[in-house]
Participant: 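I have a structure I would like to understand better, so I am pasting it below and will then ask my questions one at a time.
The sequence lines fix the lettering, A, B, ..., with proteins before strands; numbering per chain opens at 1. Note that these values count all heavy atoms, side chains included, but never hydrogens, waters or copies made by symmetry.
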There are 4 protein chains.
Amino acid sequence: MKSTKPPSDPAACCAVLDTVARWTRRKDARPGEILDAALDLFVARGFAATKVEDIARAAGVTAGTIYRYFANKEEILKAVIRESFAPALLEGEALLANFEGSAAELLTQVIRTWWQLNGATRLSGIPKLMIAESNNFPELARFHREEVIARGEALIGRALQYGIDRGEFRPQPVELAVKVVTAPVVMAMVWKHTDVCGNDGIDLDRYLDIVIETLIHGLGVRPGTNS
Amino acid sequence: MKSTKPPSDPAACCAVLDTVARWTRRKDARPGEILDAALDLFVARGFAATKVEDIARAAGVTAGTIYRYFANKEEILKAVIRESFAPALLEGEALLANFEGSAAELLTQVIRTWWQLNGATRLSGIPKLMIAESNNFPELARFHREEVIARGEALIGRALQYGIDRGEFRPQPVELAVKVVTAPVVMAMVWKHTDVCGNDGIDLDRYLDIVIETLIHGLGVRPGTNS
Amino acid sequence: MKSTKPPSDPAACCAVLDTVARWTRRKDARPGEILDAALDLFVARGFAATKVEDIARAAGVTAGTIYRYFANKEEILKAVIRESFAPALLEGEALLANFEGSAAELLTQVIRTWWQLNGATRLSGIPKLMIAESNNFPELARFHREEVIARGEALIGRALQYGIDRGEFRPQPVELAVKVVTAPVVMAMVWKHTDVCGNDGIDLDRYLDIVIETLIHGLGVRPGTNS
Amino acid sequence: MKSTKPPSDPAACCAVLDTVARWTRRKDARPGEILDAALDLFVARGFAATKVEDIARAAGVTAGTIYRYFANKEEILKAVIRESFAPALLEGEALLANFEGSAAELLTQVIRTWWQLNGATRLSGIPKLMIAESNNFPELARFHREEVIARGEALIGRALQYGIDRGEFRPQPVELAVKVVTAPVVMAMVWKHTDVCGNDGIDLDRYLDIVIETLIHGLGVRPGTNS
DNA sequence: AATGAATGAGACTTCATTCAT
DNA sequence: TATGAATGAAGTCTCATTCAT
């Protein structure tokens with residue numbers, strides 16, 4: 001019921017330094033540092049394969065400390081996601097709010113913004129993570145769907161509707177067209193984090209150019225046809 | 001991590017006995033039954049979350065038996081994936097060999113065949129599995145890249161080149177355009193196996209229609225422009 | 001993912017003996033041995049303070065083995081209780097079934113049987129256990145109440161009713177009188193397992209004599225009064 | 001296990017300051033508030049299941065503060081129990097000092113007083129606590145036996161002897177008869193604090209009536225018999 | 001004197017793997 | 001060849017206790 005390490009510890013000589021280092025209090029910095037470390041590890045190894053202790057070590061604390069800030073491993077990931085996507089989504093929503101211009105431009109900007117704020121950053125690892133683990137963590141999946149996917153798709157959806165309303169894009173079931181736009185971008189993020197799958201050398205920026213161009217013309221009304 | 005020979009041909013040696021008693025066949029069928037069960041479970045739950053004992057139960061054997069045929073859980077996954085791809089690719093290659101017609105038709109057929117033989121079957125679970133686990137199994141990833149992805153992309157690439165050569169598709173860096181075609185189909189497979197990601201109700205067939213239409217027009221030469 | 005102890009193990013010399021000892025299979029004996037060990041430890045230290053590993057060691061297995069037989073620690077205790085009380089209750093119920101004689105004799109016999117089969121054995125530790133822990137393990141408490149207490153009280157209750165019906169015992173609210181009978185016996189069991197509470201030297205058998213005598217006369221009709 | 005002085009008199013040194021500022025009083029009250037909170041929690045959940053931090057929160061302080069007053073969790077329990085008993089015993093002893101009347105009346109009054117001062121209050125939780133934990137705290141058990149049980153039983157014992165001397169109660173080994181009186185009352189206290197043990201609806205006051213009546217007649221001399 | 005962030009020693013539980021039968 | 005009981009190494013999470021502030 002009591003743990004007492006004998007004072008005859010061989011490491012005793014360094015005790016002072018150790019103690020100083022061990023008990024630094026970083027109250028408000030901690031959660032951020034933990035999430036930072038967690039994002040890296042989750043993205044690199046996946047959720048299940050990342051041990052809480054690894055996160056702790058990477059954040060410079062012990063596992064116990066993690067649990068002062070997060071109820072469990074799942075909550076860590078949820079926090080990571082929450083913190084991570086908010087900015088990008090807000091940006092995207094702001095962009096749409098008072099856009100005036102061609103739908104082609106709008107779609108281009110939405111996709112590029114998405115890519116710059118997410119795809120080009122560490123966050124691009126999250127979609128892969130969710131794909132891999134969501135079936136085993138339903139609550140996580142629900143959270144991700146509601147907080148991230150739903151908002152993201154709503155955004156793309158509005159851009160498409162904008163184009164349809166303006167007569168730039170063919171009338172289409174928007175909820176499906178959204179997926180068509182979404183898929184190639186998400187796949188790009190997946191590829192970025194899949195070292196060894198035949199995409200080592202893909203130039204994702206050029207890939208994205210082609211995606212955008214293809215989408216815009218592929219979704220656009222076709223002169224001469226009336227479908 | 002522990003070198004092991006895959007259960008390459010345990011059946012070969014027993015060929016004679018087979019002819020003697022037909023019901024002995026079960027024994028030779030074992031590895032196949034195990035892989036069959038394993039595919040289902042890996043696809044449904046992922047690698048880490050699938051217990052060897054579950055695979056055993058699903059295959060109608062006990063855990064110990066699995067280890068007669070596979071050195072460890074990793075080897076089961078490798079075998080599962082290796083076994084799963086061959087058929088679909090052969091079919092696709094045959095299709096292309098002597099096609100004559102519009103590139104639009106060709107691309108449509110290639111994609112539809114791919115979907116019918118893979119997307120619509122259990123095999124559609126494999127891409128997700130690879131996405132999730134390839135980083136943890138480099139050797140497997142290499143195999144997958146060389147044996148499956150490379151062949152598959154070559155196929156799509158030839159279809160695109162066919163279209164460019166005929167003047168139907170805009171000239172493009174084919175290796176990137178291939179990805180543009182590939183991404184939405186692969187994502188569709190992923191969605192099929194991701195219960196809870198906001199795609200519960202997607203009608204994948206209609207999605208695919210839109211994908212194909214968008215791709216064909218998106219990749220096509222645009223009347224009035226000369227790019 | 002793989003644990004391989006180097007063959008240069010200093011203990012290697014004893015490997016054979018070790019192995020022989022380590023892998024003895026005792027399928028059907030196991031559950032009983034585990035419950036046996038568990039009862040001792042639970043009674044001696046309480047539920048929360050007993051570690052699964054202690055039980056395992058006492059039963060000559062490792063902790064992992066326990067979980068092949070019991071889903072969790074709580075189930076171990078439930079099994080202990082289930083196994084333990086069945087016989088005594090059956091005995092008691094049989095006794096009552098076709099008793100003919102004075103209620104005083106019946107009550108005496110019921111209490112003495114109870115004591116002989118439970119109080120005088122290791123099982124006498126269970127009531128104390130339940131008292132101490134039941135608030136923290138509601139499911140356990142419910143189980144105990146329904147499977148043991150309810151049946152036991154029903155038994156005593158019938159004996160009392162028998163006496164009331166025969167005019168030997170005063171008419172009383174039976175469900176309360178049952179508690180009056182029960183309390184001193186349960187307390188005796190508690191004392192037996194409370195080393196240091198002032199009952200070190202109590203002669204529980206003589207205590208029980210007095211309890212019985214007091215109860216019989218205390219519950220009996222009083223000559224000269226008609227209450 | 002680690003020797004510690006109980007927070008015997010931390011207030012003494014601050015007496016001067018106290019006179020200066022009345023609101024400093026809170027500081028002296030701390031240990032009491034902690035014990036107060038601890039009693040509630042220990043009684044409700046048991047020792048092991050009560051977290052130091054819970055006690056702290058309930059006392060309006062933080063965990064660290066607890067350790068200014070108590071060396072460890074064990075010492076809290078010891079202090080709780082030590083503090084809790086004194087008052088009730090004194091009352092009981094006063095009652096007996098100059099009683100004149102029937103032994104039946106005396107016994108009735110002693111039991112009812114005991115119940116009113118202990119059974120009906122929070123203190124009724126202590127016996128259960130002692131039952132559950134005394135084996136783990138031998139020193140505490142010794143204290144409890146000597147300071148509480150011994151005095152309490154002496155009290156009951158004198159009441160019984162009084163009855164025997166007056167010819168109201170049968171001659172009996174008093175130290176055992178004491179237990180017979182004690183047991184049903186202690187059990188009542190235990191039941192009060194055991195939510196789920198089949199005593200949810202017991203009317204403890206009526207139970208006590210029956211106990212008293214049964215005891216008085218059960219212990220009494222039986223007209224017509226000369227045992 | 002008080003805080004409360006941090007520690008670290010376990011506890012329970014899971015599961016890939018082994019091996020006597 | 002097949003079984004399945006048993007192992008043992010993790011992994012997640014808890015919590016009494018410490019100590020810089």
Side-chain angles (χ1 to χ4, degrees), chain A residues 1-5 19-20 22-30 48-54 56 60-74, chain B residues 2 10 14 24 26-27 30 48-56 61-74 76, chain C residues 1-5 19-20 22-30 48-54 56 60-74, chain D residues 2 10 14 24 26-27 30 48-56 61-74 76:
Chain A
M1 210 159 270
K2 198 87 35 67
S3 76
T4 338
K5 46 217 155 335
T19 307
V20 170
R22 260 174 52 233
W23 281 94
T24 30
R25 311 210 298 177
R26 312 278 308 291
K27 177 172 65 166
D28 19 299
R30 285 293 181 236
T50 297
K51 294 175 252 179
V52 171
E53 205 179 322
D54 294 340
V61 298
T62 56
T65 300
I66 302 264
Y67 288 89
R68 291 195 65 71
Y69 296 99
F70 303 95
N72 52 43
K73 204 172 135 184
E74 220 165 317
Chain B
K2 185 193 276 182
C14 314
T24 311
R26 177 147 213 102
K27 191 169 54 193
R30 278 285 145 76
T50 297
K51 297 177 237 178
V52 171
E53 209 174 317
D54 292 343
I55 299 176
V61 297
T62 57
T65 302
I66 302 260
Y67 287 86
R68 298 220 137 262
Y69 296 100
F70 303 94
N72 53 42
K73 204 173 142 186
E74 294 189 19
I76 303 176
Chain C
M1 206 160 271
K2 199 87 33 69
S3 76
T4 338
K5 51 227 145 347
T19 305
V20 170
R22 262 173 51 233
W23 281 93
T24 31
R25 310 208 299 177
R26 311 278 310 290
K27 177 171 67 166
D28 20 299
R30 284 293 180 233
T50 297
K51 292 173 254 178
V52 171
E53 205 178 320
D54 293 342
V61 296
T62 56
T65 300
I66 303 263
Y67 287 88
R68 290 193 66 70
Y69 296 99
F70 303 95
N72 52 44
K73 205 172 135 185
E74 217 165 317
Chain D
K2 186 191 273 179
C14 316
T24 311
R26 179 147 213 102
K27 191 169 51 192
R30 279 285 146 76
T50 297
K51 294 177 238 178
V52 171
E53 209 174 318
D54 291 343
I55 299 176
V61 297
T62 56
T65 303
I66 303 261
Y67 287 86
R68 298 221 137 259
Y69 295 102
F70 303 94
N72 52 44
K73 204 174 142 185
E74 294 190 18
I76 304 176

Participant: Atom NZ of B:Lys73 and atom OH of B:Tyr67: how far apart are they, to the nearest 0.5 Å?
Facilitator: 8.0 Å

Participant: For E:dA6, does either OP1 or OP2 sit under 4.0 Å from a side-chain N or O belonging to A:Arg68?
Facilitator: no

Participant: Go through E:dT17, F:dC13, F:dT3 for me and flag the one nearest to the B:Ala63 side chain.
Facilitator: E:dT17

Participant: Can you tell me if the side-chain N/O atoms of C:Arg30 get under 4.0 Å from OP1 or OP2 in F:dA5?
Facilitator: no

Participant: Could you state the atom-to-atom distance from OH of B:Tyr69 to C1' of F:dA2 in whole Å?
Facilitator: 9 Å

Participant: Please report the distance, rounded to the nearest Å, between CD in D:Glu53 and P in F:dT17.
Facilitator: 13 Å

Participant: Stem ranges for DNA chain E, with three or more consecutive Watson-Crick or G-U pairs under 3.5 Å?
Facilitator: E:2-21 with F:2-21

Participant: Compare the minimum distances between each of E:dT3, E:dC12, F:dC13 and the side chain of C:Val52, then state the nucleotide with the smallest one.
Facilitator: E:dC12

Participant: Quick one: is B:Thr62 getting a side-chain N or O under 4.0 Å of the F:dT3 phosphate, OP1 or OP2?
Facilitator: yes

Participant: Starting at CG of A:Asp54 and ending at P of F:dT12, how long is that distance when rounded to a whole Å?
Facilitator: 8 Å

Participant: Could you tell me which residues satisfy side-chain contact (heavy atoms from CB on, under 4.5 Å) with D:Thr65, sequence neighbours excluded, listed by chain and number?
Facilitator: D:Val61, D:Thr62, D:Tyr69

Participant: Quickly work out the C:Phe70 CZ to F:dA5 C1' distance and round it to whole Å.
Facilitator: 14 Å

Participant: Taking only the side-chain heavy atoms of B:Lys73 (C-beta and beyond), determine which of E:dA16, E:dT13, F:dC15 contains the nearest atom.
Facilitator: E:dA16

Participant: To the nearest Å, give me how far apart NZ (B:Lys51) and P (E:dC15) are.
Facilitator: 4 Å

Participant: Rounded to the Å, how far apart are A:Asn72 CG and F:dC13 P?
Facilitator: 5 Å

Participant: For the side chain of B:Tyr67, counting heavy atoms from C-beta on, which of F:dT3, E:dT17, F:dA5 is nearest?
Facilitator: E:dT17

Participant: Could you report the tightest heavy-atom contact between C:Ala48 and D:Ala48, atom names first, then the distance?
Facilitator: CB-CB, 4.5 Å

Participant: I need the B:Ile55 CD1 to B:Ile66 CD1 distance, nearest 0.5 Å.
Facilitator: 5.5 Å

Participant: C:Glu53: which residues meet the salt bridge (Lys or Arg N to Asp or Glu O under 4.0 Å) condition with it, sequence neighbours left out?
Facilitator: C:Arg57

Participant: I need the minimum non-hydrogen distance between D:Ala56 and D:Ala63, along with the two atoms involved.
Facilitator: CB-N, 3.5 Å

Participant: May I ask you to verify if any side-chain N or O of C:Thr65 is less than 4.0 angstrom from the OP1 or OP2 atom of F:dA5?
Facilitator: no

Participant: Nearest heavy atom decides the nucleotide; on that basis, is B:Ile66 or A:Gly64 closer to the 5' end of DNA chain F?
Facilitator: B:Ile66

